[in-house]
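First the proteins, then the strands, lettered A, B, ... as listed; each starts at 1.
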Amino acid sequence: MSNDSAHSDHHGPGYTLFVIVWGALLVCTALTVYAAEIDLGFLNVALALSIATTKAALVTFFFMHLKYENLTFKLMVLACFVILAIFIGLTFFDTVYRPVG
Amino acid sequence: MADAAVEKGFFASKGGSLIMEWLFTIDHKRIGMLYLWCILLFFIIGVFLGLAIRLELFTPGRTIMGPQAYNGIFTLHGVIMIFLVVIPSIPAAFGNIFLPLQLGAEDVAFPRLNIFSFWLYIIGGAVALISLFTGGGPPDTGWTFYVPFSAVSTTNVSVAVAGVFILGFSSILTGLNFIVTIHRMRAPGLTWLRLPLFPWALYATAWIQVLATPILSITVLLIAVERLLGMGIFDPARGGDPILYQHLFWIYSHPAVYIMILPAMGVVSDIIPVFCRKPIFGYKTILGSSMAIAFAGSLVWAHHMFVSGMSDTAVMIFSFLTFVVAVPSAVKVFNWLSTMYKGSIRPEPPLIYALGFIFLFAMGGITGLVLGSAGTDMHVHDTYFVVGHFHYVMFGGTGMGLFASMHYWFPKIYGRMYNKKQATWAALILVVGINGLYFPMYLLGLAGMPRRYYDYLPQYTTLHQLSTYGSWITFVGLALMIWNLWHSRKHGRPIGKNPWGAATLEWTLPSPPPTHNFDEEPVVTHGPYHYEGVIIEEEVSHE
Amino acid sequence: MYPQIFSAASEVDRAFLIILGFAVFILILVTVVMLWFLYRYHYKKNPDAAQIKGNVWAEIIWMGLPTVIVLGLFWTGWTSFKAMRTIPEGAMVVKAEGRMWSWKFTYENGKTSPELYIPIDTPIKLELSARDVIHSFYVPAMRVKWDMVPGMDTDAWIQSDSLGEYDIFCAEYCGLKHSDMITLLHVQTAEDFQAWLDSSPADPEGKPRGLSLMEEYGCFDCHAMDGTDDVAPPLNDIAGKDRVVVLANGTKKTVKADYDYLRAAILTPGVEMVDGWGDEMPPYEGDLSEDDVKAIVNYMLGKDESGAPLTVAPHPGQQMAEAEGCLSCHSTDGTETERAPSFKGLFGATIKVSRFGKSTTVVADDMYLQQSIVAPSKWVSDGYEDSMPPYDDLDEETVAGLVSFIKSLGKEAQ
Amino acid sequence: MSEHPSDYTGAKMGMWLFLFTEVILFGGLFVLYAVTLQRYPAEFHEASKLLSLTMGTVNTIVLITSSLFAVLAVTALQKADIRKAKLFLLLTILLAAVFLVDKYFEWGAKIHHGIYPGGEEMASFKPGMQAFFNLYYLMTGLHGLHIVIGMSVLGWVYWLIEKGKCTPEHFVALENGGLYWHLVDLIWIYLFPLYYLIA
Ligand code: HEA
Ligand code: HEA
Ligand code: CUA
Ligand SMILES: [Cu+2]
């Protein structure tokens, strides 16, 4: 059990940092919209998803304060996304290899 | 007055009305008892339905009911047993009562959330039951709700899946609560490696509950959407894929079988050392295998779909992974047996049930290998072989695990002892009965008898009848066991704090434990299976 | 286990043997060790427990060894699966369609049949499809099972090294009569098969084509012809009746059951649904030729194929029943003779029988009737002697004809 | 017996775990999406063109900004600036409402053109395109539902602050409300490219 004063020494970062992160998110948004205009074939999807993941990382680490949490929290978040990746990934072993017809 | 209150422990009324005191309680022990009673109630209903199935199958053709009734009954039997009995069973009942006690905590992390998940359980159960009497009558899809049949069936599928949806949330919230409890509320000195194996098993289970159950929610939601809006998400003509439904369903439902079995394994890991008077063999391996099962369990779901028309590559991958998950279970079995080696074994009823568990679970688990092997599964998939497999692991496994917990913790909950001789006999009869009931199913399956068949060809008659006789033996064992416990609740011999001489924290409390659990926060200085200096307290102490 | 007639399945049987053998071995081991410890280390014999906490080597062994064994088991299982899935080039193609709750097998020359006929020692590729919900094609004697998924093409292959008849089950739950979705696999000599394949599907002994089509297309799996509600409304005497139908937008209207109505009800049943019934009937559009629909509708309207009123022909099975001498004991008009129960109203009735000397009740369904003809001693109706000779020499068609004749004499109204 | 005396970390852990369940809930739909995209890339491409990129982009910006206000509200409360915290919270909720209005017009336009499950226009589409729109409605619908829930949660937190039950000392309610809101944003961050940008 944490002692009650534990969170008074939790100095969240100031306003400016968040505004900067917000700016970065907007830049990413512009980037991804722009990138979608040029035709890169299948890379388009990959690129869009990488940018989305960058944005998601910014949101989780800064807006959601994950950066300031201890290792336990980070591992838990990792577990969640690993499991989700497994669910999606293993399903592809079926659908990709189905005989076409 | 103070004396009486102590004697009744957390049962003692504080003067409110029964409803307020129990249905709105936030005491984890009371919530656990509420679950226990409801689960047992649903179990009895499920058992009667099982009995009805067996009677119908006593002869080919119509025996006691028509096909529509039969299809409804096995669906209901499956839904009740899975979602209302085995999934909540050990975690929600005994987990709630004993997890905080074993941690030396006052309660779970979120007591209000705890009673809320109980209400969800009740509401979900009620909705599921309402589906029987309204609309198009009892759903007839099987507990797996496969599309497209579940999308076109005229029975009351939508209401039933709404019930399942709610039950899913109940299960999620319990899991969430337990994870936080285990992380945050351990008593001083109770390091992760001093945690008894039951909390460890609950911890592994809770992760599955949190990370897999939402898939069930979205899947049943999709069925409802399909029925109400007719979107055609699984309709190939509209770009869907019926096999994807099966993927989604099993992505949850396979991990769910480990939600069912892990807590039972945890209980058994806690019981065996107590009655062998020696530490569990390979503590770290057992807790590691619990976590390994929880993780690897989410990698194998498509072994339910080997002949569904999915790709052969997927068959190979999933068959391979299935075999890999069998190993941690095997490791557990070997470690349990080794714990008995050179022990000083007292064959008390909880141990008998635990050994019954090992035997029956091994009987069921080992046939999981036949199912996991793609070539052999092609023959026995959707036959009675599968029915035999899952009854062995669920009834013989989880069920016996539940009975073992009931006998192990009964004296703690009620401060009384049941008739040990009767309890042992009931266990033995159950083991015989369960084998009589389900072993013929293996033979039926090998002979090609498909499951979910209302009617069958005459060549299967003898084996079906054997199985039905087995169900009657099971009935005797079950009735004897329940009667014994029921009677001893009030009339058993009063018993001391620690009749088994166990070393975990719940046994340091009076029986029944008081509302406030620990007067002062316990400080833990050694592991959970350290029996040196632990006294067997059979007598009620009058301090 | 079931006799096995498929060469590729012998690998599956070997996998069964290996895995089950291992299972039995390990189970005995676990049980014996458990009981021995229970006996040997009983606290009276061994009052002081040895405080062993573990043994790294032992644990490594029983993690490693099972892993190796289990991978071996995986491999046998997988290779046997592979053999079942590797369809030989140039196999004869038969289309198999599953629908609630009957089968349709279509051969390369266009011939269709509700039962599967194959020549011996010839690889057959089955192209599986489903009309309504998922079904599963299962031949236990071949260890072959594969799902038939609506909208998807799946396939399986079989080959038999023995003549005879084998069961085909539907192994995926598909609703009310899932357990009735059973048919037969006939393995014939090449010559017999060719003869069967070439025979035209002509009406046996003057049975109206509409009726045989309806039997073939499984209409009677859902519809009864005796006025009782089955899964679907009964179809006898439907001609000219007023029907209340529900349109897709939920409004109801009343229409007369004339030619066009019936035609539409068969081809696109979901469009106008009979009030009080669900949308279970599969659309037959594209499946039935215009000619076939005409024959069916005219049959329901009580006309022959050309549209002329039908004179009721005697049921084809009647001649068989006379020829085989059934009618010398059984009546067809409900009068019970001392020797045998009447055929009238027999189908669907719940009757008391004694089986192996014990009395139970059974419902006189298809299977019961069929069994009662082929092996009458199995079930003996109460009040009668076990005096009927077993007709186990009848061919399949004749038995089916007799059963269908008995069915035509009405269902027990309950 | 009272609620456990404010175990701050525990409460946050509980919230995170709950968020995981939300991620997985959407995850089921992402499985469907991924598989269907792999099967019908061309159709998805074509169908995606029918969505309004402008509206999607505007909504992305709206949601990101509202997320910013949510985190600023937490910071303000931590710094004991209750007035500012309330202001930021209101702005968050306001932008959520803007998002919904935008969504309303977007859906409305589609439905008007008969592009909805059961609509005539939609029925004439190729299977892959129908699947695209089915999933589009399902996922954005479920997301919209989460926006509504999020607004209610934040509204409730606002009320707590008003009543002095969520204070600079005990701000976990606001923080958890914020966490929920960021998750809603997070999901949109993926929905946006998957639906609007694969054209
Ligand atoms: C409590 C629930 C539970 C548990 C624990 C398990 C455990 C396992 N199950 Fe089971 N299973 C179900 C419940 C469960 N199952 C249900 C409900 C269904 C049917 C659903 C439906 O269709 O309705 C099903 C169906 C099912 C199938 C699908 C069959 C089909 O439909 O065709 C498969 C296939 O692989 C399978 C495999 C396994 C395996 C490999 C394990 C393993 O985890 C087992 C591991 C255990 C052991 C291996 C035994 C103990 C170990 C030893 C004795 C030591 C020696 C062993 C070795 C050296 C390996 N199960
Ligand atoms: C934990 C889960 C669980 C349990 C305990 C059981 C218990 C039983 N089940 Fe189970 N069963 C399932 C889960 C379970 N089942 C599932 C998931 C399915 C699949 C459904 C589907 O296909 O969708 C299934 C399907 C299933 C089938 C296959 C149906 C089919 O495919 O057509 C059969 C057939 O025999 C059957 C029989 C039984 C029997 C006889 C019992 C035994 O419990 C019965 C043994 C006990 C008794 C006979 C005692 C009777 C007791 C009393 C009468 C009261 C006692 C009195 C007092 C206590 C005072 N079940
Ligand atoms: Cu068709 Cu079961
Ligand atoms: Cu499984």
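- With a 4.5 Å cut-off on non-hydrogen atoms, A/I86 touches chain B through its backbone and its side chain both.
- Other residues, nucleotides and ligands contribute only 12 or fewer heavy atoms inside 6.0 Å of the NZ atom of B/K284.
- Within 6.0 Å of OH in A/Y97 there are 12 or fewer heavy atoms belonging to other residues, nucleotides or ligands.
- Contacts between residues 169-177 of chain B and chain A, counted as heavy-atom pairs separated by less than 4.5 Å, involve no residue at all.
- More than 12 heavy atoms of other residues, nucleotides or ligands shown are found within 6.0 angstrom of CZ on A/F92.
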Per-pair distances, 0.1 Å, donor-acceptor, side chain in residues 16-24 of chain A, under 3.5 Å, sequence neighbours excluded:
unit_1 : atom_1 : unit_2 : atom_2 : d
A/W22  : NE1    : D/T65  : OG1    : 3.2

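- The neighbour count for A/F62 CZ, taken as heavy atoms of other residues, nucleotides or ligands under 6.0 Å away, is above 12.
- Annotation for B/S298 and A/I83: closest pair OG-CD1, 3.6 Å, computed over non-hydrogen atoms.
- In A/N70, the CG atom is crowded: over 12 heavy atoms of neighbouring residues, nucleotides or ligands sit closer than 6.0 Å.
- Residue-level contacts of residues 240-256 of chain B with chain A, in order of numbering, are B/D241, B/I243, B/L244, B/H247, B/I251; threshold 4.5 Å between heavy atoms.
- Each of A/V96, A/T91, A/T72 has some count of heavy-atom pairs under 4.5 Å with chain B, and the biggest count is that of A/T91.
- Across all non-hydrogen atoms, the minimal contact from A/F87 to B/W301 is O-CH2, 3.7 Å.
- Residues from residues 306-318 of chain B that place a non-hydrogen atom less than 4.5 Å from a non-hydrogen atom of chain A comprise B/G309, B/M310, B/S311, B/T313, B/A314, B/I317, B/F318, given in numerical order.
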